[in-house]
Amino acid sequence: MSEPAVPAPTGNFLWTLIQDDLASGKHKSPVTRFPPEPNGYLHIGHAKAICINFGIAEEFGGRCHLRFDDTNPVKEEQEFIDSIQNDVRWLGFDWGQHLYYASDYFETLYTWAEHLIKNGHAYIDDQTAEQISANRGTLTSPGTPSPFRERSVEENLDLFRRMRAGEFPNGTRVLRAKIDMASGNINLRDPVLYRILHAHHPRTGDKWFIYPNYDFAHGQSDALEHVTHSLCSLEFEDHKPLYNWFLDKLPVPARPEQTEFARLNITYTILSKRHLTQFVRDKHVRGWDDPRMPTLAGLRRRGVPPAAVRDFIKRAGIARANSVVDIAMFDACVREYLNKAASRYLGVLRPLKVVIENYPEGQSEELEAVNNPEDPSAGSRKVPFGRELYIEQDDFMENPPKKFFRLSPGMEVRLRYAYFITCREAVKDAAGNVIELRCTYDPATKGGNAPDGRKVKATMHWVSAAHAVKAEVRLYNPLFMRPDPGADGDPVKDLNPNSLEIIEARLEPALANAKVGETVQFERLGYFCRDADTGLVFNRTVGLKDAYAKAQ
RNA sequence: UGGGGGAUCGUCUAACGGUAGGACCGCGGACUCUGACUCCGCUAGUCUAGGUUCGAAUCCUAGUCCCCCAGCCA
């Protein structure tokens with residue numbers, strides 16, 4: 001007897017579930033869907049849902065639909081429909097022909113609502129929203145049936161058709177499922193299925209005066225699309241019985257199954273659409289694509305490669321327990337990818353002038369610089385050198401502590417790809433600030449090595465003062481000052497006042513030709529991405545690790 | 001005091017009755033024309049108390065703590 005091969009451990013319960021359903025023959029191939037409501041921009045939390053749903057389709061030879069859950073016209077906009085498609089593509093996924101809208105199913109859903117009414121499973125309630133709420137009961141006490149709960153099928157049908165016809169104003173009536181006002185699961189206490197909304201819908205225009213809500217649209221949409229696995233986040237667990245109740249009561253063409261997973265949380269980050277919308281509206285950030293935002297648009301503008309986002313989602317894992325992933329793990333993914341991919345350049349963020357006293361005035365030369373030590377195929381380039389340079393202010397100390405081995409009076413260091421220089425004098429202004437360094441160089445060390453074999457402890461970045469280009473560099477720090485913003489209430493109070501610092505940097509001239517959206521490394525500093533704003537503007541994607549700074 | 005979930009190194013996550021493993025962070029060291037990268041090493045965990053078993057993170061019992069639900073939002 002041959003034992004079936006033990007399936008390799010997959011690492012997460014969702015993959016195991018799919019494998020089991022495929023192995024048992026329950027499904028031939030998985031059909032999943034990513035179902036955003038177009039009421040805002042996608043953020044990295046959505047990236048998890050996207051990677052899970054599209055990832056399963058890719059890995060198990062199924063398909064994944066992009067479906068807009070556009071059942072609430074008062075919140076939804078075409079701008080978001082467009083940005084969501086753009087962001088999903090940017091992340092690296094493709095829904096092919098499978099682009100759907102819940103609004104595509106409004107007619108079918110309406111028919112199914114009448115089906116429920118005709119079978120005595122739904123009724124029109126004339127109570128106000130306040131009355132419905134008051135009569136729903138509490139977590140520990142049952143609800144009270146609506147006085148309209150026992151209306152006749154004929155009256156319900158008549159009223160529902162007149163609701164559709166637009167005869168009644170907003171809020172005057174709703175269609176409710178007739179289930180169980182005493183259920184411990186509050187979602188089963190006669191949930192509202194349709195509400196009257198005289199509102200313009202981005203896709204159906206002014207055709208409808210009533211709109212189904214999430215519960216009456218989602219599972220049915222899944223069924224209509226023959227979705228096999230409807231994967232959603234934990235807060236919908238309590239909706240599952242209702243999801244299944246509709247599948248039981250309606251003539252649906254398929255039987256999708258809902259499974260929940262924990263949503264993504266990250267330290268120092270807010271992933272609530274409500275709050276993100278507020279930050280944009282109240283101008284705490286510059287827009288949905290502000291590089292400080294956790295939106296995909298923001299990450300893209302910051303220079304984060306989509307592959308790094310996917311890798312992060314994968315590393316964070318999938319489980320059913322609530323968790324908060326350290327933002328350091330995200331940074332690590334970004335650095336790992338960019339270290340392999342990004343071209344290196346020299347740029348000085350906070351310039352300190354250096355004059356090489358023994359380098360002839362008016363002379364300059366070009367030195368060979370490696371573009372990416374991790375990728376020989378990236379080749380090399382020429383960097384101009386001259387008598388006057390800029391180095392980083394942090395790279396000089398007049399009275400250095402023991403472990404400081406950068407420039408200080410009398411100390412010799414290497415300028416990357418160039419020469420060894422020795423500091424002879426620090427020139428100060430009236431206030432005692434060092435404003436210029438007088439140095440000498442050793443011509444024999446051209447290229448960065450001394451023929452006599454002597455070593456220096458530091459290699460520093462620099463730019464030629466005569467050739468450098470000025471650029472606006474935007475340095476981003478965490479948007480929040482604490483790892484758990486909002487834990488004490490309003491996350492606005494936890495906003496970091498220093499989340500954006502704008503400086504004027506001096507960069508090697510080649511950077512003037514950087515492409516918008518291209519992320520490069522400024523050596524010894526970090527990764528920076530050319531912004532689309534006019535002029536030469538760079539956003540800091542993420543800094544390099546800095547063991548020296550950490551030790552301080 | 002209702003219903004539904006969940007608890008494994010500091011963090012995230014594996015292990016499906018048989019050596020508690022990986023990643024991130026942290027700390028050492030090697031290397032280095034980036035104090036980066038890379039490499040090597042170290043630190044550190046099964047919520048508690050019982051029980052079943054040759055053997056329990058895993059099964060049973062009883063607790064504890066955490067999360068979600070009372071929109072005509074999704």
Side-chain angles (χ1 to χ4, degrees), chain A residues 6 9-13 16 35-37 39 69 71-72 74-75 125 127-129 132-134 136-143 170-176 182-189 191-197 210-211 213-215 217-218 232-241 260 262 267 273-274 314-333 335-336 339-340 344 346 369-370 373-374 403-406 414-418 447-449 455-461 483 521-526 543-551:
Chain A
V6 179
T10 56
N12 77 68
F13 74 99
T16 304
E37 181 189 15
N39 67 345
D69 240 334
T71 57
N72 186 0
V74 306
K75 288 189 173 180
D125 196 341
Q127 293 183 107
T128 64
I132 289 176
S133 178
R136 181 144 29 223
T138 71
L139 294 180
T140 52
S141 61
N170 289 356
T172 50
R173 279 180 239 267
V174 291
L175 178 71
R176 297 179 74 176
S183 174
N185 181 344
I186 291 176
N187 292 299
L188 266 20
R189 318 241 265 230
V192 170
L193 272 30
Y194 268 89
R195 70 281 212 195
I196 300 172
L197 244 32
I210 57 173
Y211 291 90
N213 66 2
Y214 166 85
D215 285 306
H218 201 95
C232 62
S233 44
L234 250 28
E235 67 266 31
F236 291 103
E237 272 177 318
D238 289 346
H239 292 251
K240 187 170 178 172
E260 311 84 12
T267 56
K273 210 181 288 189
R274 177 179 135 242
K314 191 174 181 181
R315 286 201 221 183
I318 306 163
R320 283 179 67 85
N322 294 114
S323 62
V324 185
V325 181
D326 194 334
I327 188 68
M329 195 185 284
F330 177 77
D331 290 344
C333 292
R335 287 195 195 99
E336 182 177 300
N339 176 53
K340 293 194 213 87
R344 270 64 167 173
L346 300 179
V370 173
E374 304 285 327
K403 286 291 180 62
F404 184 87
F405 42 80
R406 277 110 95 146
R414 171 170 38 232
L415 294 181
R416 183 106 158 121
Y417 308 123
N449 289 299
K455 301 290 184 192
V456 288
K457 297 201 77 171
T459 298
M460 297 172 11
H461 60 282
Q521 184 189 104
F522 292 0
E523 292 208 45
R524 300 211 302 138
L525 296 173
L544 253 27
K545 284 215 266 187
D546 188 344
Y548 175 73
K550 194 184 295 172

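- Each of A:Ile318 and A:Gly448 was matched to the nucleotide of RNA chain B holding its nearest heavy atom; the match closer to the 5' end belongs to A:Ile318.
- In this structure, of B:rG35, B:rC72, B:rC68, it is B:rC72 that holds the atom nearest to the side chain of A:Val174.
- Using a 4.5 Å heavy-atom threshold, the side chains of A:Glu374 and A:Gln521 count as separate.
- Between the P atom of B:rG35 and the CZ atom of A:Arg406 lies a distance of 7 Å, rounded to the nearest Å.
- A:Glu336 comes within 4.0 angstrom of nothing in the nucleic acid, heavy atoms only.
- Proximity note for A:Phe236 (side chain, C-beta onward) versus B:rA74, B:rC24, B:rA14: the nearest is B:rA74.
- Looking at A:Arg416, A:Arg344, A:His461 one by one, the single match for side chain to side chain donor-acceptor pair (under 3.5 Å) with A:Glu523 turns out to be A:Arg416.
- The line from CZ of A:Arg173 to OG1 of A:Thr128 is 13.0 Å long, rounded to the nearest 0.5 Å.
- Comparing B:rA74, B:rG5, B:rA36 by their nearest atom to the side chain of A:Glu235 picks out B:rA74.
- Proximity note for A:Ser323 (side chain, C-beta onward) versus B:rU13, B:rG3, B:rC69: the nearest is B:rU13.
- Looking at heavy-atom distances under 4.0 Å, A:Glu37 makes contact with sugar-phosphate atoms alone, never a base.
- Residue A:Ala129 is classed as a base contact, given a heavy-atom separation below 4.0 Å to a base.
- Comparing A:Ala321 and A:Pro373 by the nucleotide of RNA chain B whose heavy atom lies nearest to each, the residue mapping closer to the 5' end is A:Ala321.
- The residue A:Asp238 sits close to a base: some heavy atom pair falls under 4.0 Å.
- For B:rC73 and B:rU64, the C1' atoms lie 35 Å apart once the distance is rounded to whole Å.
- Closest to the side chain of A:Ala547, from the set B:rC69, B:rA74, B:rA36, is B:rA36.
- Among the protein residues, A:Thr267 comes within range of no part of the nucleic acid, since none of its heavy atoms lies under 4.0 Å from any strand.
- One can place CG of A:Asn12 at 15 Å from P of B:rC16, the figure rounded to the nearest angstrom.
- Rounded to a whole angstrom, the distance from the C1' atom of B:rG18 to that of B:rG55 is 7 Å.
- Of the side-chain N and O atoms in A:Lys550, none sit less than 4.0 angstrom from OP1 or OP2 of B:rC25.
- Taken from NZ in A:Lys403 to NZ in A:Lys457, the straight-line distance is 8.0 Å, to the nearest 0.5 Å.
- Nearest nucleotide to the A:Ala319 side chain, out of B:rA14, B:rA70, B:rU34: B:rA14.
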Q | Residue pair A:Asn72, A:Leu197: steps toward the side-chain contact (heavy atoms from CB on, under 4.5 Å) verdict | A | CA-CA 9 Å; A:Asn72 186 0; A:Leu197 244 32; 4.1 Å; yes
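- One finds a side-chain N or O of A:Thr71 lying less than 4.0 angstrom from the OP1 or OP2 phosphate oxygen of B:rA74.
- Nearest nucleotide to the A:Thr140 side chain, out of B:rG26, B:rG35, B:rU1: B:rU1.
- Contact of A:Glu374 with B:rU38 (side chain to base): no donor-acceptor pair of N or O atoms is detected under 3.5 Å.
- As judged by a 4.0 angstrom heavy-atom cut-off over every strand, A:Val324 is placed among residues touching the sugar-phosphate backbone only.
- Distance from the side chain of A:Phe405 is smallest for B:rG35 among the nucleotides B:rG2, B:rC24, B:rG35.
- One atom, CZ of A:Arg189, and another, C1' of B:rG71, lie 15 Å apart when rounded to the nearest Å.
- With a 4.5 Å cut-off on side-chain heavy atoms, A:His218 and A:His239 do not count as touching.
- Taking a pair as Watson-Crick or G-U wobble with both distances under 3.5 Å, RNA chain B forms stems of 3 or more consecutive pairs at B:2-7 with B:64-69, B:10-13 with B:21-24, B:26-30 with B:38-42, B:47-51 with B:59-63.
- Contact check, A:Thr459 against B:rG35: no side-chain N or O comes under 4.0 Å of OP1 or OP2.
- Contact between the side-chain N/O atoms of A:Arg136 and the OP1/OP2 oxygens of B:rG71 is found at a separation under 4.0 Å.
- In this entry the distance linking NZ of A:Lys75 with P of B:rA74 reads 8 Å, nearest Å.
- Dashed line: the shortest gap from a side-chain N or O of A:Arg524 to OP1 or OP2 of B:rG35 is under 4.0 Å.
- Separating the C1' atom of B:rA57 from that of B:rG21 is a span of 13 Å, rounded to the nearest Å.
- Of all heavy-atom pairs spanning A:Arg136 and A:Ile186, the tightest one is CD-CG2, 3.7 Å.
- Atom name P, nucleotides B:rC9 and B:rC47: the rounded distance is 7 Å, in whole Å.
- Straight-line distance from the CZ atom of A:Arg176 to the P atom of B:rG71: 11 Å, rounded to whole Å.
- Distances shown here put every side-chain N or O of A:Arg195 at or beyond 4.0 Å from the OP1 or OP2 atom of B:rG71.
- For the residue pair A:Asn187 / A:Asn185, a side-chain donor-acceptor distance below 3.5 Å is found, with atom types taken as modelled.
- One donor-acceptor pair, N or O on each side, does fall under 3.5 Å between the base of B:rA74 and the side chain of A:His239.
- A donor-acceptor contact under 3.5 Å is formed by the side chain of A:Arg344 with the base of B:rU34.
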Validation: residues 322-331 of chain A side-chain donor-acceptor distances under 3.5 Å, sequence neighbours left out:
from, atom 1, to, atom 2, distance (Å)
A:Asp326, OD1, A:Ala328, N, 2.9

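- Distances were taken from every side-chain heavy atom of A:Met329 (C-beta onward) to each of B:rC25, B:rA23, B:rU13; the shortest belongs to B:rA23.
- Comparing the P positions of B:rC66 and B:rC24 gives an interatomic distance of 32 Å, to the nearest angstrom.
- Shown here for A:Glu37 and A:Asp69, the closest heavy-atom pair between the two residues is CG-O, 3.5 Å.
- Residue A:Lys314 places none of its side-chain N or O atoms closer than 4.0 Å to OP1 or OP2 of B:rA23.
- Separating the P atom of B:rU11 from that of B:rC25 is a span of 16 Å, rounded to the nearest Å.
- In this structure, A:Asn322 places its CG atom 10 Å from P of B:rU13, rounding to the nearest Å.
- Atom C1' of B:rU46 sits at a distance of 25 Å from the matching atom of B:rG41, rounded to the whole Å.
- Using a 4.0 Å heavy-atom cutoff across all strands shown, A:Arg320 reaches sugar-phosphate atoms only and no base atom.
- Taking 90° from 0 as the syn/anti boundary, the base of B:rG28 is oriented anti.
- Residue A:Tyr211 is out of contact with every strand shown, counting any heavy-atom pair closer than 4.0 Å.
- If you check B:rG5, B:rC25, B:rA70 against the side chain of A:Ala328, the one that comes closest is B:rC25.
- Using atom C1' as the reference point in both B:rA56 and B:rA49, the two lie 15 Å apart (nearest Å).
- If you take CG of A:Asn213 and P of B:rG71, they are 13 Å apart, rounded to a whole angstrom.
- Taking atom CG on A:Asp326 and atom P on B:rU11, their separation rounds to 10 Å, with Å as the unit.
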